[in-house]
Amino acid sequence: MPSRYWQGAPHEASIFGASGTTGRHLVKLALDAGHDVSVLLRRADGLPLDHPRLSRIVGGFDDAVAVQAVVQNADAVISVLGSRKGAPATICTDGVRCILPAMQVAGVRRLIALSAYGALETSTVTWFIRFVRSVIADKMRDKDSMELLVRDSDTDWTLVRPPALTNGQAQRRYRVGAALRPGLTGHLSRADLAAFILATAEGGNYIREAPVVAA
């Protein structure tokens, strides 16, 4: 369906998790496509990319002013937050809990958040998913609680659910569907994940849906 968020140009995207691997791909793709991008960084040098349409706001989720500055003029807010060494086990939930009120103040409705295949109602679809959840239980519980916050919000949300992520090159070929089952070998490159997320923002697709996307 046509998007009311991305009609005309330029557009502005607020990206949280920009310093991660998926985030770096996403920021570059958005800038290459002509969009303005605002990001939240713990350190000014946390994103090794310079561009005149890239705005860096230094701060954390404990800084409401910084979060508000990131989303203030956005057409769409994108969270690609994920666990990493040194990050709290609840990073996705904590981030979205701060992002949502900032969006409300700014009057921004479009939200795309990175989740994972195996969250919530997909948690028991196969024995393999049940096994994976037992291995990375804290990470999956974080995705579960993040999804619940997003689903309960008054936003035009999309929850993106990839299977295992790789650092392979972008192929720009992937399967998408709410009922898609990637299987034991299901995977998706972070580059293709970023491309799908940007295309979803630009197209206004999957509003209030949780598509699974896999190679």
Side-chain angles (χ1 to χ4, degrees), residues 1-7 11 13-18 20-30 32-33 35 37 74-83 92 96 99 109-130 132-133 136 139-140 142-144 146-151 153 155-215:
M1 78 184 206
S3 167
R4 71 173 183 267
Y5 304 101
W6 295 81
Q7 291 176 347
H11 317 297
S14 297
I15 299 177
F16 294 89
T21 307
T22 301
R24 292 197 298 272
H25 282 298
L26 181 58
V27 170
K28 186 175 186 307
L29 286 174
D32 288 347
H35 306 306
V37 177
D75 298 295
V77 173
I78 303 172
S79 170
V80 287
L81 293 166
S83 61
C92 298
V96 165
I99 291 167
R109 291 191 53 81
R110 186 66 169 121
L111 172 65
I112 301 172
L114 174 60
S115 185
Y117 182 60
L120 289 186
E121 79 279 1
T122 61
S123 63
T124 59
V125 290
T126 66
W127 67 266
F128 180 68
I129 287 298
R130 292 194 293 271
V132 169
R133 283 187 63 100
I136 55 171
K139 295 179 182 179
M140 293 308 298
D142 185 29
K143 294 296 188 183
D144 291 343
M146 181 271 291
E147 282 208 8
L148 290 173
L149 283 174
V150 170
R151 288 169 181 270
S153 71
T155 62
D156 293 333
W157 53 263
T158 302
L159 291 162
V160 180
R161 290 172 163 175
L165 295 175
T166 73
N167 290 322
Q169 294 184 342
Q171 301 296 319
R172 299 300 176 95
R173 295 191 303 272
Y174 37 74
R175 299 170 291 148
V176 185
L180 179 66
R181 293 194 176 188
L184 290 177
T185 59
H187 66 278
L188 184 70
S189 72
R190 291 175 173 86
D192 276 333
L193 173 60
F196 172 76
I197 290 172
L198 182 61
T200 298
E202 292 175 329
N205 303 318
Y206 307 107
I207 291 178
R208 291 190 169 264
E209 297 181 21
V212 178
V213 54

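Note that the structure is a prediction, hence the values are computed from the model and not measured.
Taking each heavy atom of Asp192 and Ala170 in turn, the nearest pair found is OD1-CA, 3.5 Å. Minimum heavy-atom separation, Ile78 to Ala201: CD1-CB, 4.3 Å. Across all their heavy atoms, Ala30 and Val37 have their closest contact at CB-CG2, 3.7 Å. Of all non-hydrogen atoms in Thr158 and Arg110, the two that sit nearest each other are OG1-NH1, 2.8 Å. The minimum heavy-atom distance linking Pro162 with Ser115 is given by the pair CD-O, 3.6 Å. Annotation for Ser153 and Thr155: closest pair OG-OG1, 2.7 Å, computed over non-hydrogen atoms.
Rounding to the nearest 0.5 Å gives a distance of 9.0 Å between OG of Ser14 and CD1 of Ile99. Here CE of Met140 is found 10.0 Å from SG of Cys92. Values are rounded to the nearest 0.5 Å. Between atom NE2 of residue His35 and atom CG of residue Asp75 there is a gap of 9.5 Å, rounded to the nearest 0.5 Å. Here Thr22 contributes atom OG1 and Ile15 contributes atom CD1; the two are 11.0 Å apart, rounded to the nearest 0.5 Å. One distance of note links OG of Ser79 with CG of Leu114; it measures 7.0 Å at 0.5 Å rounding. To the nearest 0.5 Å, atoms CE (Met146) and CG (Leu81) are separated by 8.5 Å.
Within the 3.5 Å criterion, the main-chain N or O of Gly82 finds no donor-acceptor partner in the side chain of Lys143.
Here the side chains of Val160 and Thr200 are not in contact, with every heavy-atom distance at 4.5 Å or above. With contacts defined as side-chain heavy-atom distances shorter than 4.5 Å, the pair Leu111/Asp156 does not qualify.
Contacts of Phe196 classified as ring-ring contact (aromatic ring centres under 6.0 Å, His included), with partners at least two apart in sequence or in another chain: Tyr174, Tyr206. Residues that satisfy the salt bridge (Lys or Arg N to Asp or Glu O under 4.0 Å) test with Lys139, not counting sequence neighbours, are absent from this structure.
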### Message
Run Leu165 and Leu188 through side-chain contact (heavy atoms from CB on, under 4.5 Å) and show every step you take.
### Response
CA-CA 5 Å; Leu165 295 175; Leu188 184 70; 4.3 Å; yes

### Query
Where do His25 and Leu193 land on the side-chain contact (heavy atoms from CB on, under 4.5 Å) test, with the steps shown first?
CA-CA 9 Å; His25 282 298; Leu193 173 60; over 6 Å; no

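Residue pairs meeting the salt bridge (charged side-chain N to carboxylate O under 4.0 Å, His left out) criterion with at least one partner in residues 161-177, sequence neighbours excluded, are Glu121-Arg161, Glu147-Arg161.
In the model, Thr122 has no side-chain atom that pairs as donor or acceptor with a side-chain atom of Arg181 under 3.5 Å.
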